[in-house]
Amino acid sequence: MQQRYFDHAATTPMRQVAIETWVAHAQFGNAGGQYADGRAARSVLDTARETIAELLGCEPIEVIFTGSGTEADNLAVRGLFAASELNTLVATPIEHPAVKESVEALGSTGAQVHLLEVGRDGVVIPDEHLDNPAAVATCMWANNETGAIQPVREIVERATAAGTPVHVDAVQVVGHRAVDFHALGATTLAASAHKFGGPRGMGLLLAKRSPAPKPLLLGGGQERGLRSGTVDVASAAATAAALREAVAEMEAEQQRLATLREQLLDGIRSAIDEVLVHTPEDSLEGHVHLSFPGAEGDSLIMLLDSRGFAASTGSACANGVNRASHVLLAMGVQEKEARAALRLTLGRTTTEEDVQALLRELPEIVNLARAAGMA
Ligand code: PLP
C-alpha cells in the first residue's frame, strides 16, 4: 500500500532528475586521483560545487560537502567554538538536536551558553547578548517542527557587529525559500540534500574563508581541510541537480503548498473541536503543527498509519517514548498539550486528493485518540 505522505519535513522523495544524475555518476571514483578518471570525477565535483554556489549566493570554495545536515551543524557550532578564544555562546531553545546537543555538549564542558527567548508564536526574540562578542551565535532559519521563520537577518547583523561568527541552520529552508549566503552575511550555513529532493546522506556547509571552523575529522584534508574523507561524487552531482530544480520551481511550489495548507487548516478547524495551531503566519508553506488536546500524539500517528497516512509528532522520540517537544515547551505550550501534537508537512508530491483524504479521516482519528486518553 502506498501511504499518503505527510512527513516531507523529515525527508522528501528524491527527484527524478537527482536519481538520474546519481545513476549517471555512480561509477565515478576518487576526485583526488591524479589520473584521467580522477580528473573526470574532480570535474563533476567542481561543476556540482559551482552550481550549488551559484544557487545559494556564495563562492564555490565556500561549499563544503558533508555526510548530513547533522554533520554540517556539528562542524559549524563545535568547530567555530573551537576556533575561538572566547568561551561564550549564544543559541536558541528551539534548535534541532544537531545544534541543541552540540551546544549542550559545549555547555557541559564549561562554555557559557545564553539561550535567546522565544515567543508564543515560535519566533526567537533577539536580545542584548548578541551585542557582546561570543565564540559563536547560532540560530536556525526556520524551525523544523512549526515551520516558523526566524529573525536570522537581525541576529546575523547584531552578532556580526559585535565580532561574533554566526551559524545558521538552514536545513529546512534551502530549496524552499531563496537563500543568498553573501547577502545574509552569516559565517556558516547548513543544508541537507534530502530535504529538497536530493539523496540522503549528503549535507552542505557553506563556510566563509574566515573565520573557518576547526575541523572535527582529521584525515586527508579534503574540502579545504574542513571535512576530510573521500567525497561522494555521484551524490554531490545529484544534490546540485535537485537544488537546481527545487529553486526553479520554488515560487510556484510556495503558492501551491500555501493553498493546500489553507484547505487543510480550514478543514481541520471546521470539523474538529479544540485545535491548537502552533505554526505561525510567517512560516514555511508546507508546515502545519497542531495539538489536539486530550489526544496522545503517538496515538494520532499510529491511527493515521493504520489508515494509510504517514505523519509525525514532530519531536524526536527516545526509545520509542514520545516526549513533549522542547520546541513547544519553549514556546510556553503546556506539557499535556505538547504531548498531543501532530506535525503534518506537505511537499512536492502532495496533492489536493491527499489533503481531502486526510480531512475525511482525521476527525474520527482524533475522536478515537481522545477516547483512548493520555498515557
Ligand atoms: N537541522 C534541521 C533544522 C533539520 O530539520 C534536520 C533534519 O531533520 C537537521 C538539521 C539534520 O539534517 P540531516 O537529517 O541531514 O542530518
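Counting starts at 1 for both ligands and their atoms, in listed order.
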Considering only protein heavy atoms, which is closest to [atom], and at what distance to one decimal place?
atom	value
atom 16 (O) of ligand 1	T70 OG1, 2.5 Å
atom 5 (O) of ligand 1	Q172 NE2, 2.8 Å
atom 1 (N) of ligand 1	D169 OD2, 2.7 Å
atom 10 (C) of ligand 1	D73 OD2, 3.4 Å
atom 8 (O) of ligand 1	K195 NZ, 2.6 Å
atom 4 (C) of ligand 1	H96 CD2, 3.3 Å

Original post:
Among G69, A191, P97, G203, which one has a heavy atom closest to atom 12 (O) of ligand 1?
Top reply: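 Ranked by closest heavy atom to atom 12 (O) of ligand 1, first place is G69.
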Original post:
Could you give the distance from CD (E101) to CG (D73), rounded to the nearest 0.5 Å?
Top reply: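 Spacing of CD (E101) from CG (D73) equals 12.0 Å.
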Subject >> Non-hydrogen atoms of A148 and D121 that approach each other most closely >> reply: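 It is CB-O, 4.1 Å.
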**OP:** Taking all heavy atoms of V233 and all of G29, pick out the closest pair and write down the distance.
**Re:**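 The answer is CG2-O, 3.8 Å.
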Using a strict cut-off of 4.0 Å, indicate which atoms of ligand 1 neighbour a heavy atom of [X].
X	result
S68	15 (O), 16 (O)
S192	13 (P), 15 (O)
M140	3 (C)

Original post:
Counting N and O atoms only, with roles assigned by atom type, does the side chain of S84 sit under 3.5 Å from a partner on the main chain of F81, one being a donor and the other an acceptor?
Top reply: no
**OP:** Give the C-alpha distance, both sets of side-chain angles, the deciding distance and a yes or no for side chain to side chain contact (heavy atoms under 4.5 Å, CB included) between R370 and F292.
**Re:** CA-CA 8 Å; R370 280 179 169 159; F292 299 99; 3.8 Å; yes
**OP:** Of the side chain and backbone of T11, name the one, both, or neither that has a heavy atom under 4.0 Å from an atom of ligand 1.
**Re:** neither
Original post:
Just heavy atoms, cut-off under 4.0 Å: does H194 contact ligand 1 by side chain, backbone, both, or neither?
Top reply: side chain
Original post:
Can D354 and T351 be counted as having a side-chain donor-acceptor contact under 3.5 angstrom?
Top reply: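 Yes.
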Subject >> ring pair (Phe, Tyr, Trp, His ring centres under 6.0 Å) partners of H8, counting only residues at least two apart >> reply: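 Per chain and number, H8 pairs via ring pair (Phe, Tyr, Trp, His ring centres under 6.0 Å) with Y5.
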**OP:** For the pair E361 and R4, find out whether any cationic side-chain nitrogen is under 4.0 Å from an anionic carboxylate oxygen.
**Re:**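 Salt bridge between E361 and R4, a charged N being under 4.0 Å from a carboxylate O: no.
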**OP:** Kindly write out the residues that satisfy side chain to side chain contact (heavy atoms under 4.5 Å, CB included) with V247, not counting sequence neighbours, or none if the list is empty.
**Re:**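 Once residues adjacent in sequence are excluded, the partners of V247 under the side chain to side chain contact (heavy atoms under 4.5 Å, CB included) criterion are L55, L243, M250.
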Original post:
Does N144, backbone or side chain, put an N or O under 3.5 Å from an N or O of ligand 1?
Top reply: no
